[in-house]
Q: 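The structure under discussion is supplied below as structure tokens; questions concerning it will follow.
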Amino acid sequence: MSEISLTGFNVWLDVVFTSLYVVVVLGLSGHFIGNVLTGRVKKRFIGKQWPHHEGPPVPFLPKFLHFQHVFSMFALGISGMYIRFPFFDGGRTPMRYVHYVFMIIVTINLVWRLWYAFFSRQRDYKEFAITKEDIVTAPKVVLYYIFVKSSKPHLGKYNVMQKGTYTLFVPLMILQAYTGFALVATPMIFGYSPREVLLSWWLGALVGSTDLAGWYARTAHYIINWLFIILTTVHAYLSMTEDFPAFQSFFGLGGADHHDSHGHGEAHGSPALSPSTGEAE
Ligand code: HEM
Ligand code: HEM
């Protein structure tokens, strides 16, 4: 591809994703209006009718790792966008430092969270697994979110859309870390750069040069950056509007936990399709 068409493609990506983001924000605004018109806002924020949670409260470590994740993702998103569009003067060096520090923190954080999910005593990977019941009842969950139904099936800690989103975050993070490290072209590993180590032997060989492979990595990194911005916006909106107390307690802001160990709610993970008023996304 020539320089011109590469630049053209970059501009095209900017236009597509900026427009898509506007559509997402308008969609969420429409959804919020739906929440007002259907009385969900009144029921929740004024009537204090929030979903009940069964089982013990969320332990400290996942909350801490999530908080660290949110903070790092904001730092990476803002510094990354600055690297691409320097929106004020003189920030280039500090913003690059911010990106380089938080890229290490977020990578360690990701490995830590995956270790917690699969290998710790409190491993919780099963909470994220999409079951057959999840798939069968998925349309009902969607109908609830688009206001056709007034309640949604409750199968476990997270609903099918949450499970899908949280699970998608993992390969996206891994790809983001991989393509991100592949942008470092300074020799530092026995005379080779991370870009050469990560890309030369396969993508470089495939497309003809490490430079072009680097361009692919930067483009993928930029696209995933937008996917994170979009997913995080939707995730943050739903977590606050669907279950504000859970949001508060998840961020240690002292919200009532609404944990119910006396069996009002459905048994944890039970396939019983009893309705629930909703939970955080
Ligand atoms: C997960 C670990 C990550 C690593 C290892 C990483 C690494 C990097 C590196 C080395 C650069 C090039 C910096 C330079 O030119 O000096 C970069 C650019 C960038 N990063 Fe990351 N990053 C990571 C995560 C993220 C995340 C989570 C986001 C957004 C939410 C992000 C958004 C960006 C953007 C927008 C750019 C500018 C790309 C361009 O110039 O087109 N990065 N990243
Ligand atoms: C302003 C930003 C964010 C807010 C307000 C927020 C809010 C929340 C809340 C309240 C929960 C708990 C849901 C429940 O227990 O029902 C949650 C879970 C989760 N969030 Fe976020 N979040 C944000 C950003 C992010 C980002 C950037 C990521 C990943 C890239 C992320 C990944 C997750 C995951 C994987 C879970 C599952 C539970 C866990 O990690 O222990 N969130 N979020």
Side-chain angles (χ1 to χ4, degrees), residues 10 13-14 17 51 53 55 57-59 61-86 92-93 95-110 113-114 116-117 122 124-125 127-128 156-159 162-163 165-170 172-186 193-195 198 214-215 217-251 253 255 257-259 278-281:
N10 283 337
L13 282 180
D14 294 339
F17 278 109
H53 298 275
V58 182
L61 191 57
K63 285 187 190 175
F64 170 72
L65 293 176
H66 179 269
F67 180 78
Q68 198 156 239
H69 224 101
V70 174
F71 194 85
S72 309
M73 294 299 279
F74 272 91
L76 285 162
I78 294 167
S79 58
M81 281 305 207
Y82 181 89
I83 293 167
R84 189 175 183 100
F85 308 104
R92 200 164 157 73
T93 308
M95 284 301 202
R96 288 182 82 182
Y97 271 117
V98 170
H99 210 79
Y100 279 63
V101 168
F102 280 98
M103 77 189 195
I104 306 285
I105 296 178
V106 92
T107 305
I108 295 172
N109 208 55
L110 173 70
R113 187 61 177 88
L114 289 175
Y116 179 87
Q122 289 164 304
D124 62 351
Y125 69 93
E127 312 274 16
F128 300 91
K157 191 167 176 192
Y158 306 122
N159 70 53
Q162 288 176 292
K163 287 178 175 180
T165 313
Y166 301 158
T167 308
L168 180 66
F169 276 142
V170 178
L172 281 183
M173 275 311 292
I174 293 172
L175 262 179
Q176 192 66 338
Y178 187 89
T179 54
F181 285 115
L183 295 185
V184 182
T186 317
S193 67
R195 167 172 298 183
L198 292 171
W215 180 83
R218 162 156 273 136
T219 307
H221 197 73
Y222 184 63
I223 292 173
I224 298 168
N225 153 76
W226 269 111
L227 296 182
F228 270 121
I229 294 174
I230 292 170
L231 285 174
T232 303
T233 306
V234 178
H235 168 67
Y237 163 79
L238 286 175
S239 83
M240 287 182 227
T241 54
E242 293 294 316
D243 196 344
F244 194 68
F247 157 78
Q248 280 178 304
S249 103
F250 206 59
F251 281 83
L253 299 173
D257 234 334
H258 278 251
H259 277 279
E279 56 197 44
E281 191 62 32

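When a residue number appears, it is its place in the shown sequence, counting from 1. Both ligands and their constituent atoms are indexed starting at 1 by order of listing.
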Q: Between Thr167 and Phe128, what is the shortest heavy-atom contact and its length?
A: OG1-O, 3.6 Å
Q: Supply the atom-to-atom distance Lys63 NZ to Gln68 CD, rounded to the nearest 0.5 angstrom.
A: 15.5 Å
Q: Need the ligand 2 atom indices (1-based, order shown) with element for anything under 4.0 Å from a heavy-atom of Pro62.
A: 41 (O)
Q: What protein heavy atom sits nearest atom 16 (O) of ligand 1, and how far away is it?
A: Arg96 NE, 2.4 Å
Q: Could you list which atoms of ligand 1 come closer than 4.0 Å to a heavy atom of Val106?
A: 1 (C), 2 (C)
Q: Could you tell me which non-hydrogen atom of Lys163 sits nearest to which non-hydrogen atom of Tyr158, and how far apart they are?
A: CE-O, 3.6 Å
Q: Do side-chain atoms of Lys157 reach the backbone of His53 as a donor and acceptor pair under 3.5 angstrom?
A: no
Q: How long is the span from the CG atom in Asn109 to the CD1 atom in Ile104, to the nearest 0.5 Å?
A: 12.5 Å
Q: Which heavy atom of Gly80 sits nearest a heavy atom of His99, and at what distance?
A: N-ND1, 3.4 Å
Q: Which option, Asn159, Leu61, Thr232, Thr167, owns the non-hydrogen atom nearest atom 27 (C) of ligand 2?
A: Thr232
Q: If you take all heavy atoms of Tyr222 and Met81, which pair is closest and at what distance?
A: CE1-SD, 4.1 Å
Q: Give the numbers and elements of all ligand 1 atoms closer than 4.0 Å to a heavy atom of Gly77.
A: 29 (C), 30 (C)
Q: Are Phe17 and Ile229 packed together at the side-chain level, in the sense that at least one heavy-atom pair is separated by less than 4.5 angstrom?
A: no
Q: Who gets closest to atom 32 (C) of ligand 2 by heavy atom: Tyr237, Phe64, Phe169, Tyr166?
A: Phe169
Q: Where the closest heavy atom to atom 11 (C) of ligand 2 is concerned, which of Phe251, Phe250, Tyr158 has it?
A: Phe250
Q: Quick one: nearest non-hydrogen protein atom to atom 2 (C) of ligand 1, plus distance?
A: Ala177 CA, 3.6 Å
Q: Judged by non-hydrogen atoms, does Tyr100 sit under 4.0 Å from ligand 1?
A: yes
Q: Which of the atoms in ligand 1, numbered in the order shown and given with their element, are less than 4.0 Å from a heavy-atom of Met73?
A: 27 (C)
Q: Just so I know, are the side chains of Phe228 and Leu76 near enough to count as touching, which here means a heavy-atom distance under 4.5 Å?
A: no
Q: Would you check if Tyr100 and Val184 make a side-chain contact, meaning some heavy-atom pair closer than 4.5 Å?
A: yes
Q: Should you measure from each heavy atom of Phe228, which atoms of ligand 2 turn up under 4.0 Å away?
A: 30 (C)
Q: Would you say Thr107 has any N or O atom under 3.5 Å from an N or O of ligand 1, going by distance alone?
A: no
Q: Determine the minimum heavy-atom distance between Ile105 and Ser72, stating which atoms define it.
A: CG2-OG, 3.8 Å
Q: Which ligand 1 atoms does Val184 reach within 4.0 Å, using its non-hydrogen atoms?
A: 10 (C)
Q: Indicate the ring-plane relationship of Tyr166 and Phe169, choosing parallel, tilted or perpendicular according to the 30° and 60° boundaries.
A: parallel
Q: Examine the proximity of ligand 2 to Phe74 and report which part, side chain or backbone, both or neither, has a heavy atom under 4.0 Å away.
A: side chain
Q: With side-chain contact (heavy atoms from CB on, under 4.5 Å) as the test, would you mind laying out the steps for Phe102 and Phe74 before giving the verdict?
A: CA-CA 10 Å; Phe102 280 98; Phe74 272 91; over 6 Å; no
Q: Of the side chain and backbone of Ile229, name the one, both, or neither that has a heavy atom under 4.0 Å from an atom of ligand 1.
A: neither
Q: Go through ligand 2 atom by atom and flag the ones less than 4.0 Å from a non-hydrogen atom of Phe128.
A: 37 (C)
Q: Of Phe247, Phe251, Tyr116, which meets ring-ring contact (aromatic ring centres under 6.0 Å, His included) against His66?
A: Phe251
Q: Can you give me the closest heavy-atom contact between His221 and Leu183, atom names plus distance?
A: CD2-CD1, 4.0 Å
Q: Quick one: list whatever passes salt bridge (charged side-chain N to carboxylate O under 4.0 Å, His left out) with Arg113, sequence neighbours left out.
A: Asp124
Q: Please check whether His69 reaches ligand 2 - meaning an N/O of the residue sits under 3.5 Å from an N/O of the ligand, judged on distance alone.
A: no
Q: Select one of side chain, backbone, both or neither to describe which atoms of Met173 lie under 4.0 Å from any atom of ligand 2, heavy atoms only.
A: neither
Q: Judged by non-hydrogen atoms, does His53 sit under 4.0 Å from ligand 2?
A: no
Q: Mind checking whether Phe247 contacts ligand 2 via backbone (N, CA, C, O), side chain (CB onward), both or neither, at a 4.0 Å heavy-atom cut-off?
A: both
Q: So, with waters excluded, how many protein N/O/S atoms does atom 21 (Fe) of ligand 1 have closer than 2.8 Å?
A: 2
Q: For ligand 2, is any non-hydrogen atom under 4.0 Å from His235's backbone (N, CA, C, O), its side chain (CB onward), both, or neither?
A: side chain
Q: May I ask you to test the Phe64-Leu61 pair for a side-chain heavy-atom distance under 4.5 Å?
A: yes
Q: Can you tell me the protein heavy atom closest to atom 38 (C) of ligand 1 and the distance?
A: Arg218 NE, 3.9 Å
Q: Any idea which protein heavy atom is nearest atom 41 (O) of ligand 1, and the distance to it?
A: Arg84 NH1, 2.5 Å
Q: By number and element, which atoms of ligand 1 are closer than 4.0 Å to a non-hydrogen atom of Met81?
A: 35 (C)
Q: Under the 3.5 angstrom rule, does the side chain of Thr179 hit a backbone N or O of Gln176 as a donor-acceptor pair?
A: yes
Q: Answer side chain, backbone, both or neither: which part of Phe71 comes under 4.0 Å from ligand 2, heavy atoms only.
A: neither
